There are 2 protein chains.
Amino acid sequence: MLAQERRNRLLELIRARSFAALPELADVLGVSESTIRRDVEQLEDQGAARRIHGGVLYAGASPKIPHFDASQSARWKEKKAIAQRSAPLVEDGETVILDGGSTTYEVARLLVGRSLHVVTNSLPVANLFAADASSDLVLIGGNICPRTGNTQGPLADKMLASLRVQKTILSVAGIKEEGFFNNNLLLVQTEQAMMRAADEVIVVADSSKFGRQSLAHLCALGAVDYLVSDSGMDQAWQAKVRAAGMHLVLAEPVVEGT
Amino acid sequence: MLAQERRNRLLELIRARSFAALPELADVLGVSESTIRRDVEQLEDQGAARRIHGGVLYAGASPKIPHFDASQSARWKEKKAIAQRSAPLVEDGETVILDGGSTTYEVARLLVGRSLHVVTNSLPVANLFAADASSDLVLIGGNICPRTGNTQGPLADKMLASLRVQKTILSVAGIKEEGFFNNNLLLVQTEQAMMRAADEVIVVADSSKFGRQSLAHLCALGAVDYLVSDSGMDQAWQAKVRAAGMHLVLAEPVVEGT
DNA sequence: CAGTATTTGATTAAAAACAGTCATAATCAT
DNA sequence: ATGATTATGACTGTTTTTAATCAAATACTG
């Protein structure tokens, strides 16, 4: 199929240059700018590229952070909007635990440059903060899950038991009336340790997560203080979340970032 | 001086994000877009940033392996040759601790794809193995040193105390008759914990390290089992090393068609 | 082969970013 | 202090990019 082949070449071009302007790409590939624009849009949905005014950035985020988690792709705009509402929940000078996951990764990106103490079990998140002089970074040790790039397991739990933070920001894979779920038993245990270490727990989850079951039960709805989602969230679920005593923050995934 | 300070923060922001839009930068720094535009122009003249329509790209270093340690470049051929002699010292199926540092990083690159259990305190090394399906990866937690990307401190030491491995591969900053030295006290403590966890200790150090003092004493010469260096090593030092009971491996930094 | 679906490229108005200019404010040296 | 120098922020018209629309071309299906 020609179109797919072109998209592969396109991504290759973008990766090689790390940034490319749309007119240039249209020229090299011999198609119209409109087509490039559509292709790029698709690549962005897959999380492979990042669209900016005037061109495209390679977002496979350098060969360094390889496609950790294929779901990076889906609901990118919602996740970005959620991140923008979540970041202000953390205040300068605070200590915060950042879980792995594509939504928390977006939050992390917005926190770079702030004056914070960051604790994380996520390799991609750690890479964001490692070179940032304005924040301290503590890495949670343990076994790395190759698929997600997160540490987990008993070593991680043990280290978390000796920490104390103001806020924990968690990702989840599903939310039902019974509570929050994730798809990895070891990870859930580590996340529970993160919750125990924090005064306040913030969960970030786009609206597709509601009503979705997953393997391992993380905690009851009431155990979370803040829930940040997007406006596509069901009315009934909004009521349930509020009834469970959570502060609900809804992001509007309309506009792209500032 | 306010202006210069702002430019530093500006570059820091750009580096952390790798791309930033002008309006965003103006907002964060609390100055007008015109000023940002002028600052960025200056940064571009210095080669620190790259201007594109709609924003700025960070141009410093390779986006691939971010500026961890400027000495990355120095003695590159020697380090690579040392790595090539060191990698075979580890056998498939073994558990090995990899220290941070540019030489051990080269060793790590050669170990990717091997069937190993890898334990490391180095973020760059962890990134190498994170996506590698053929090896297990355990990350040592703790505080990240922003300059080197290594974890260190009491949390790291504690985690290492509960581990047991066949081999530890260490970097050092200096070697004197009194033993091995590194330039960071916390790191040295963590490295001592690494040594305690291992049956055999391998030190990789290019020949410029001999006779060089550094801040913190790591261990005596006799505490190390293998020393891998390059053929530029002084004859007298070769004798001393052998007298201390170490296995000495000398790499030939051959000039190849790289 | 006809009909439908998808992909493509041109065209448009609207939005964003650009370079340049100028007056004001801050800083510095005398 | 004072005058000169520089840094800053607002404003302008111009250029570029964008999103959206639509008709033509291409590929699929029964």
Side-chain angles (χ1 to χ4, degrees), chain A residues 1-15 17-59 73-81 84 109-110 113 230-232 251-258, chain B residues 1-15 17-59:
Chain A
M1 187 170 271
L2 210 83
Q4 197 49 51
E5 169 58 22
R6 184 192 55 227
R7 259 167 230 129
N8 289 343
R9 281 191 58 196
L10 182 64
L11 188 56
E12 196 55 42
L13 284 170
I14 297 170
R15 191 180 63 179
R17 292 164 166 72
S18 89
F19 168 80
L22 294 205
E24 180 191 2
L25 291 170
D27 187 49
V28 172
L29 294 177
V31 293
S32 78
E33 209 176 300
S34 300
T35 302
I36 296 290
R37 194 165 266 120
R38 275 183 285 255
D39 286 350
V40 162
E41 194 176 343
Q42 200 171 323
L43 289 179
E44 189 177 26
D45 282 344
Q46 295 167 16
R50 185 171 149 212
R51 195 71 176 66
I52 61 176
H53 201 102
V56 214
L57 285 177
Y58 183 67
S73 50
R75 305 241 157 199
W76 201 66
K77 280 204 172 121
E78 284 85 352
K79 286 171 179 175
K80 198 145 186 195
Q84 251 162 6
R109 279 170 49 151
L110 296 178
D230 62 83
S231 53
E252 204 67 49
V254 190
V255 277
E256 217 267 326
T258 1
Chain B
M1 184 169 274
L2 209 81
Q4 196 50 49
E5 168 58 21
R6 184 190 55 229
R7 261 170 229 125
N8 288 343
R9 281 191 59 195
L10 183 64
L11 187 57
E12 193 58 40
L13 285 169
I14 298 169
R15 187 179 67 180
R17 290 164 167 71
S18 90
F19 167 80
L22 295 205
E24 181 190 0
L25 292 170
D27 187 48
V28 171
L29 294 177
V31 294
S32 79
E33 211 176 297
S34 299
T35 302
I36 295 291
R37 193 165 267 120
R38 275 184 284 255
D39 285 350
V40 162
E41 195 175 341
Q42 200 171 324
L43 288 179
E44 191 177 26
D45 284 343
Q46 296 168 15
R50 182 171 150 215
R51 196 70 177 69
I52 62 176
H53 199 103
V56 214
L57 286 177
Y58 182 66

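The model shown is predicted, which means the values in this text are computed figures rather than measured ones. Below, chain A is the first sequence line, B the second, and so on; all start at residue 1.
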Rounded to whole Å, the CD-P distance (A:Glu24 to D:dT17) equals 12 Å
To the nearest angstrom, the CD1-P distance between A:Ile36 and C:dT7 comes to 15 Å
When the rotation axes relating C1' atoms of four end pairs to the next four are compared across the helix from C:dC1-D:dG30 to C:dT30-D:dA1, five pairs an end, they differ to 10° by 40°
Query raised in the report: Are A:Asp27 and A:Glu24 close enough that some pair of their side-chain heavy atoms sits under 4.5 Å apart?
Result: no
Residues passing the salt bridge (charged side-chain N to carboxylate O under 4.0 Å, His left out) test with B:Arg50, sequence neighbours excluded, are none
When rounded to whole Å, the CG to C1' distance for the pair A:Leu25 and D:dT16 reads 16 Å
Given protein heavy atoms under 4.0 Å, the one-letter contact record of nucleotides 16-22 of chain C, with B base, S sugar-phosphate only and - none, is simply SSSS---
*asked:* Is there a side-chain contact between B:Ile14 and B:Leu43 in this structure, where contact means two heavy atoms from C-beta onward sitting under 4.5 Å apart?
replied: yes
Contacts of A:Leu110 meeting side-chain contact (heavy atoms from CB on, under 4.5 Å) (sequence neighbours excluded), chain-then-number -> A:Ala83, A:Gln84, A:Ala87
| query | Taking only side-chain nitrogens and oxygens of A:Ser32, does any of them come within less than 4.0 Å of OP1 or OP2 of C:dT8? | reply | no
The reported gap from CD1 in B:Ile52 to CG in B:Leu22 (rounded to nearest 0.5 angstrom) is 9.5 Å
Residue set satisfying side-chain hydrogen bond (donor to acceptor under 3.5 Å, both in side chains) with B:Ser34, at least two apart, ordered chain then number -> none
Contacts of B:Glu41 meeting side-chain hydrogen bond (donor to acceptor under 3.5 Å, both in side chains) (sequence neighbours excluded), chain-then-number -> none
Residues B:Ile36 and B:Ala26: closest non-hydrogen pair is CG1-CA, 3.6 Å
